[in-house]
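Each chain gets a letter, A, B and so on, in the order the sequences are listed, and its residues count up from 1.
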There are 2 protein chains.
Amino acid sequence: MYNCPMHSKQLLKGTLQTIILKLLSEHKRMYGYEITQQVKLLSEGKISLTEGALYPALHKLEAEGLLISEKVYIGKRVRKYYSLTQTGSNTVTTKLKEFSDFVSTMQAVLNLEPKLK
Amino acid sequence: MYNCPMHSKQLLKGTLQTIILKLLSEHKRMYGYEITQQVKLLSEGKISLTEGALYPALHKLEAEGLLISEKVYIGKRVRKYYSLTQTGSNTVTTKLKEFSDFVSTMQAVLNLEPKLK
DNA sequence: TTTTTATACATAAGATTATTATGTATAATT
DNA sequence: AATTATACATAATAATCTTATGTATAAAAA
């Protein structure tokens with residue numbers, strides 16, 4: 001799912017849903033390819049989502065009722081836009097909290113200082 | 001591997017090696033059960049390593065030359081102490097750096113503030 | 001104008017990692 | 001005497017990701 005020029009591929013596992021949901025909470029609707037580009041931009045090229053991970057993840061989130069999709073034709077090409085459902089919208093907050101807790105806990109276990117700005 | 005009372009099980013994937021190596025860099029030698037207890041302590045009960053993940057991980061790290069083990073008998077019971085090899089010792093720094101980079105990148109992607117102390 | 005790159009979706013085989021369950025056994029506590 | 005804690009280990013299953021493959025249109029470069 002990730003093609004990360006750093007060496008922390010393992011660490012990125014489990015973050016894909018959080019990333020997708022958070023981006024959609026800021027953009028109303030996005031399509032798959034757009035998400036990959038946005039992630040690449042925000043991570044300064046450090047994270048490249050692979051299609052083999054992204055599309056199944058989007059399908060799963062839709063099946064679970066967190067996202068809904070709509071197909072839009074751009075000329076002859078299909079785009080599948082995804083947006084948050086109400087459930088999905090509520091889940092974003094939970095996911096972000098979980099990520100923060102995770103970081104805090106790991107910093108405690110690894111005896112690391114939280115970073116200052 | 002983790003039995004986390006929070007809901008962030010997915011997020012913890014890929015962190016086990018880093019945790020093991022970092023703890024061993026601070027303790028000279030530790031045995032499996034001791035590692036589980038130390039992690040529970042440092043995480044304030046939020047992370048409980050399961051044996052099904054811990055022991056295979058220790059075996060793998062040893063097979064890769066990052067750890068060496070020695071069996072010690074406490075009465076009739078065996079303890080298997082693990083300690084860092086030189087390679088393992090070098091790897092700790094790399095792993096911690098990777099974790100920091102991962103957190104920074106994720107904070108950028110998720111548009112989160114780094115935490116202040 | 002032809003070739004390459006970018007856009008845009010999707011699935012499938014295989015690998016990795018973790019969960020859950022199971023197994024064995026000693027030591028300490030209730 | 002029974003339960004809990006200590007201490008190791010492995011195996012079946014599940015979840016997630018990588019890598020490879022497939023299809024197709026649009027744009028840019030050679």
| said: Check this one for me: any side-chain N or O of B:Y31 less than 4.0 Å away from OP1 or OP2 of D:dC8? | reply: no
Rounded to whole Å, the CG-C1' distance (B:L54 to C:dT20) equals 16 Å
Taken in chain and number order and not counting sequence neighbours, the residues that satisfy side-chain hydrogen bond (donor to acceptor under 3.5 Å, both in side chains) with B:Y81 are B:R79
A:E62 CD to C:dC9 C1', in whole Å, measures 14 Å
Besides A:Y73, the hydrophobic cluster formed by Ile, Leu, Val, Met, Phe, Trp and Tyr side chains linked at under 4.5 Å, directly or via other members, contains A:V78
Tracing side-chain contacts under 4.5 Å among Ile, Leu, Val, Met, Phe, Trp and Tyr outward from A:I68 reaches none
Is A:K60 near enough to D:dT16 that one of its side-chain N or O atoms lies under 4.0 angstrom from OP1 or OP2?
-> yes
Report, one pair per line, the protein and nucleotides 9-12 of chain D atoms (nitrogen or oxygen only) whose separation is under 3.5 Å.
unit_1: D:dA9; atom_1: OP1; unit_2: B:H59; atom_2: NE2; d: 3.4
unit_1: D:dA9; atom_1: OP1; unit_2: B:K80; atom_2: NZ; d: 2.8
unit_1: D:dA9; atom_1: OP2; unit_2: B:H59; atom_2: NE2; d: 3.1
unit_1: D:dT10; atom_1: OP2; unit_2: B:H59; atom_2: ND1; d: 3.4

From NZ of A:K76 across to P of D:dA26 the rounded distance in Å is 6 Å
When A:R79 and B:I74 are each assigned the nearest nucleotide of DNA chain C, the 5'-most assignment goes to A:R79
When rounded to whole Å, the CD to P distance for the pair B:Q37 and D:dA5 reads 10 Å
Discussion item. At 4.0 Å (heavy atoms only), tell me whether B:R77 reaches a base, stays on the sugar-phosphate, or touches nothing.
Written reply: base
Applying salt bridge (charged side-chain N to carboxylate O under 4.0 Å, His left out) to B:K60 and not counting sequence neighbours gives B:E64
Rounded to whole Å, NZ of B:K40 lies from P of D:dA5 at a distance of 9 Å
Has A:S89 got a side-chain atom pairing as donor or acceptor with A:T85's backbone, closer than 3.5 angstrom?
no
To the nearest angstrom, the CD1-C1' distance between A:I47 and D:dC17 comes to 14 Å
When rounded to whole Å, the CD to C1' distance for the pair B:Q17 and C:dT16 reads 11 Å
Between OH of B:Y73 and P of C:dA27 the distance, given in whole Å, is 12 Å
- prompt: Just wondering, are more than 12 heavy atoms of other shown residues or ligands nearer than 6.0 Å to NZ in B:K40?
  reply: no
Which donor-acceptor pairs under 3.5 Å do side chains of residues 23-30 of chain B form with protein atoms, sequence neighbours excluded?
unit_1: B:S25; atom_1: OG; unit_2: B:K22; atom_2: O; d: 2.6
unit_1: B:E26; atom_1: OE2; unit_2: A:N111; atom_2: ND2; d: 3.4
unit_1: B:E26; atom_1: OE2; unit_2: B:K22; atom_2: NZ; d: 3.3
unit_1: B:H27; atom_1: ND1; unit_2: B:L23; atom_2: O; d: 2.9
unit_1: B:R29; atom_1: NH1; unit_2: B:E70; atom_2: OE2; d: 3.2

